[in-house]
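Comments concern the structure below.
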Amino acid sequence: MSMAEAITRFVPDGSTVAIGTSLEPLIPFAAGHEIIRQQRRDLELVGPISDALFDQLIGAGCVRRVTAAWVGNVSEGLGHCYRRACEQDIPRALEVHDHSNFSISLALWAAAWNVPNLPTRTLLGSDILKTNPNLSVGFGLVHVGAVRPDVAVIHVQRADAMGRAHAWGPLGITEEAGLAADKVILTCEELVDVDITLSDPNRILLPETKVVAVVHEPGGAHPSPVQGHFKRDHGFYRDYAEQSRTAEGFAAWLKSWVLDVPDRATYLKRVDVDSLRIRHHEYSAPADYGDE
Amino acid sequence: MSMAEAITRFVPDGSTVAIGTSLEPLIPFAAGHEIIRQQRRDLELVGPISDALFDQLIGAGCVRRVTAAWVGNVSEGLGHCYRRACEQDIPRALEVHDHSNFSISLALWAAAWNVPNLPTRTLLGSDILKTNPNLSVGFGLVHVGAVRPDVAVIHVQRADAMGRAHAWGPLGITEEAGLAADKVILTCEELVDVDITLSDPNRILLPETKVVAVVHEPGGAHPSPVQGHFKRDHGFYRDYAEQSRTAEGFAAWLKSWVLDVPDRATYLKRVDVDSLRIRHHEYSAPADYGDE
Amino acid sequence: MATNSYTPQELMVAVASREIRDGDLVFVGMRLPILAYAVARNAHAPSARGLFEVGLMRDQPAAGFLGTMGDPPNVAGALWSTRMSNAMALMAQGHVDLGFIGGAEVDRFGNLNTSYVGDPAKPTVKLPGSGGGADIAILSRRWVTLMNHERRRLVEKVSFVTSPGHGDGTPGWRQRNGLLGGGPAAIITTLCVLRFPEHGGEAHLASVHPGHTVDEVRAETSWDLQLADHVAETPPPSDSELAAIRRFDPDGFWTRPA
Amino acid sequence: MATNSYTPQELMVAVASREIRDGDLVFVGMRLPILAYAVARNAHAPSARGLFEVGLMRDQPAAGFLGTMGDPPNVAGALWSTRMSNAMALMAQGHVDLGFIGGAEVDRFGNLNTSYVGDPAKPTVKLPGSGGGADIAILSRRWVTLMNHERRRLVEKVSFVTSPGHGDGTPGWRQRNGLLGGGPAAIITTLCVLRFPEHGGEAHLASVHPGHTVDEVRAETSWDLQLADHVAETPPPSDSELAAIRRFDPDGFWTRPA
């Protein structure tokens, strides 16, 4: 399925969208940019930390609420669009449901297990309890209310057309986000044959019954890293931080890198992909699934 | 470390022991038999379903309490030693904390996350709520009390000497049992070089900081299956079911297969290993962990 | 192959397989349901998927014989090999269309006992316990029980409710008590098929297996069994159903008399 | 290499690395703590391990430069690549000996703000938020903060307690409120090191970095800063510490002035 079709069909206005769930790696920037191009509105974004993608979606006016532990630019610091939205309602007012990394994970596990909340000791003594209405305290514990995304968008190294994904490297809250979501959109570096994915069912990330779209989008996570494929493009994050300092600068960045870009292939032509590509391969030892 | 030393040092009398956590596969029978030989007493056994191993430990008089969802013989039915213990206090009285498969998993996740309990809707309407004092009902939910094993004994396909284990096939409640336990004893088909385990950190089952012993014990899961190594020995389970029907029959079985057997190598000489060995290898596609 | 040459277990497998609808996600229990899933997948439900509490999802039935759901042939080619709690998560979300549970005792409202006969503190028979039975009973959308039809098994009141069915049989009992799924839809026995009204309540005799009679069924049932308006004869296994059963259980491990 | 040729960030990394004890499991935050872990592992803490909330455990520091903890060199050769909630489980069990948290505002009791300056409903500055900071503050056995030493950062009262330290400073505040770990042990700034009493309470000035004075520190601190009985000079980075820092940050991404 094309990225445009996947976003059109499965990310309507008002959706609750989990995206960027592996923290710094595997961020589905290509999907995020398509959401911006299709001018989605009133989204609730769900994630642990977001390394620049939430900032871009907020700056583009797509977002009504953020449910996350951290929104900014991991190597550069503050998220300037996030600041403008929270401080000045530019381009629109933003509701924030604060979490810690642990508590947003628990919120998704609560949804995955279909219970109203899960208890934890984290956040005791934190003012986060005052600003997030989905957190409550009782019996000496914090009760983290379930967060159920309408859709989780997940970038992986490889997937087959039936929706079986292989991802590796640290997975953050990807598993619970996918299990909690009603629907999963996979974007992948490589679209592979079923023989590859089913050769290792333990590496299959999620049940295919959750997956509604598989989008073959090489480089779809740039500038974030993808183990075995791409290094992180630190300079791109730096440039974004600098240019997004002002609303005008962000508008120019957005026009140049998103709005005037029809698709990911065009985008990648402007990136020094060669300098980012991982060329030194280190393959995992095989597991023997023999059964007879 | 030898199996004898691992059990001597890390499974004292009175321990709470999670064992057989992957349900039917990868059951650490060799470890269980060593526990019997060392005449451990007053153990609490923790597991989901137990395919014959709990029955043997109960019949041998090692067990004070069972905290599990099911105890028997999966292909044959009832656990005769379990019956004698519960019905006639033979060889001793047994306390049973009933669970369902889901609730024992949650009890271990509660311990892993260090909270007193986790909520669920399963068990509502079940009399299991009446017999297990670690379950309570409130606000329309069941609250499953944490179960924290002193030690989890886990059989895997391969591990290195530093405690990094690779296991594949269905994992049942192994991950939460290992995370919840104070200590983990690994028993493995293959003791491999660090290069093998670290080639695939996503397949590493548990943090090495939990692992206190790695025992190289090929065939240590017989008669249970080990993907890529051994088929399940259905006939062995059938023979065990037949012989353990009476206390005398069980005593004879135990003498023959456990008490008079010094170690696993001797045991395996009496098993038709050739007919059980998996010879048709099916290797997983590699994952590329390249980073530069 | 003559249609009269089948065992009671083969008939039960065939009947159970017909409960599986195409596209269903089936929580497959041990023993006969493993065969029922294989038969359905090869016949009328080619897009069904099986979910196994050990931590597996499959489409195709395993190529080799399964003594347990964790046997190596069930892992090879699986669509997902994972933790049990992930399989349970799908069921807790209502994604499991159909589950199978074996039972030792059942009452007219479909409440199942697989734990204790007699007082749990000093049982006359200690049964193995719930396994995933209680989870399936409470969380799956609908479920079916398979059991031998004997008076001591189909009882007026079970000693212990391991896996709740329709509770006390009053309308809305499950919803009132917070149980998520729709409860038991049928009891498939060695003699007949009992069915429950769609919204719960008491089982009624829907069909009697070939070679058996309503009187025989009633004699082997401890409670005063309700009859459907029209009690049918259970259609026997078709030749293709029998062929599939025998392909997946070539030695009759599950389906031949001991 | 002359000892005067180091940046304030290099000194902070060296000081932070000395907080890591051999054998510690360290919850490594972003930026300077990644370097501090690498320095310690190569010097006095060869058996320390690092735990990263992205879902990684390591022994050896990553061979390549890290812009984030999720960069590919941090994954290659990891001891465990997993879910965040598993890393948090270890911390919730008290297995994390030391954590690092960056802060935008801190008060005398070590309470940290990384969320809002001003009213959260209409902040004058929206900061990125907790990330794992609140989790480390509440669950790790002890933790250390690194920050620039400015009056607007070391404040009488933080606008928002993202990561609780010693609360109101009264004895036993953390235990009374259910916080698991021991709380902040030190604040390492660009000018000095502040330390907390072992069982909580108010920070005191323990050492001043070379080239700075107590008066300068007090002038840049909003509250009336308590002094240790003997305020030492912070030992500068050793040659081997500097060599390690420059090996892991060869272009000065984290440790050279912008």
Side-chain angles (χ1 to χ4, degrees), chain A residues 102 105-106 109-110 113-122 138-144 146 157-158 166-171 189-190 192-193 195-203 205 225-232 276-292, chain B residues 102 105-106 109-110 113-122 138-144 146 157-158 166-171 189-190 192-193 195-203 205 225-232 276-292:
Chain A
F102 194 12
S105 168
L106 293 171
W109 280 119
W113 289 337
N114 193 16
V115 286
N117 54 62
L118 286 178
T120 180
R121 289 197 171 90
T122 202
F139 304 99
L141 297 167
V142 172
H143 301 276
V144 182
Q157 279 94 344
R158 63 190 177 209
H166 281 187
W168 54 94
L171 295 174
E189 290 295 328
E190 294 187 86
V192 297
D193 193 89
D195 292 348
I196 298 290
T197 50
L198 299 197
S199 79
D200 197 352
N202 282 77
R203 208 184 294 279
L205 186 61
V226 178
Q227 199 78 25
H229 291 266
F230 293 106
K231 293 181 270 193
R232 186 172 185 271
L276 297 171
R277 200 178 295 282
I278 288 172
R279 298 175 186 287
H280 178 72
H281 303 291
E282 293 276 5
Y283 294 111
S284 61
D288 183 356
Y289 281 92
D291 65 333
E292 59 179 322
Chain B
F102 193 12
S105 168
L106 293 171
W109 279 119
W113 289 336
N114 194 15
V115 288
N117 54 62
L118 286 177
T120 180
R121 288 195 171 93
T122 201
F139 304 100
L141 297 167
V142 173
H143 301 275
V144 181
Q157 279 94 343
R158 63 190 177 209
H166 282 186
W168 55 93
L171 295 174
E189 291 294 328
E190 294 186 87
V192 297
D193 193 90
D195 291 350
I196 300 289
T197 50
L198 299 196
S199 79
D200 197 352
N202 282 77
R203 208 183 295 279
L205 186 60
V226 178
Q227 199 78 26
H229 291 266
F230 293 106
K231 294 181 270 192
R232 187 172 184 270
L276 297 171
R277 199 179 295 281
I278 288 171
R279 297 175 186 287
H280 179 73
H281 304 292
E282 293 275 4
Y283 293 110
S284 61
D288 183 356
Y289 281 93
D291 65 334
E292 59 179 320

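The sequence lines fix the lettering, A, B, ..., with proteins before strands; numbering per chain opens at 1. Since the model is a prediction, treat every value here as computed from it, not as a measurement.
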Parallel, tilted or perpendicular: which one describes the rings of Trp109(B) and Trp113(A), with boundaries at 30° and 60°? tilted

Parallel under 30°, tilted from 30 to 60°, perpendicular over 60°: which one fits the rings of Tyr289(B) and Trp168(A)? tilted

Which atoms of [X] approach chain A - backbone, side chain, both or neither, heavy atom under 4.5 Å:
{"X": "Leu171(B)", "value": "side chain"}
{"X": "Leu198(B)", "value": "neither"}
{"X": "Phe139(B)", "value": "side chain"}
{"X": "Glu292(B)", "value": "both"}

For Pro119(B), which residues count as a side chain to side chain contact (heavy atoms under 4.5 Å, CB included) partner, sequence neighbours excluded? Val115(A), Leu118(A), Pro119(A), Leu141(B), His143(B)

Results of side chain to side chain contact (heavy atoms under 4.5 Å, CB included) for Ile196(B) - residues two or more places apart only: Ala285(A), Arg158(B), Val192(B)

Measuring from Asp200(B):CG to Glu282(A):CD, what's the distance to the nearest 0.5 Å? 12.0 Å

Does the side chain of Asn202(A) reach to within under 4.5 Å of the side chain of Gln227(B), using non-hydrogen atoms? no

Please identify, among Ser199(A), Pro116(A), Pro225(A), Ala287(A), the residue contributing the most non-hydrogen atom pairs under 4.5 Å to chain B. Ala287(A)

Quick one: what part of Asp195(A) sits under 4.5 Å from any heavy atom of chain B, side chain, backbone, both or neither? neither

Under 4.5 Å from any heavy atom of chain B, what part of His281(A) do you find: side chain, backbone, both or neither? both

Could you have a look at Pro201(B), Ala110(B), Gly169(B) and say which one has the most heavy-atom pairs with chain A under 4.5 angstrom? Gly169(B)

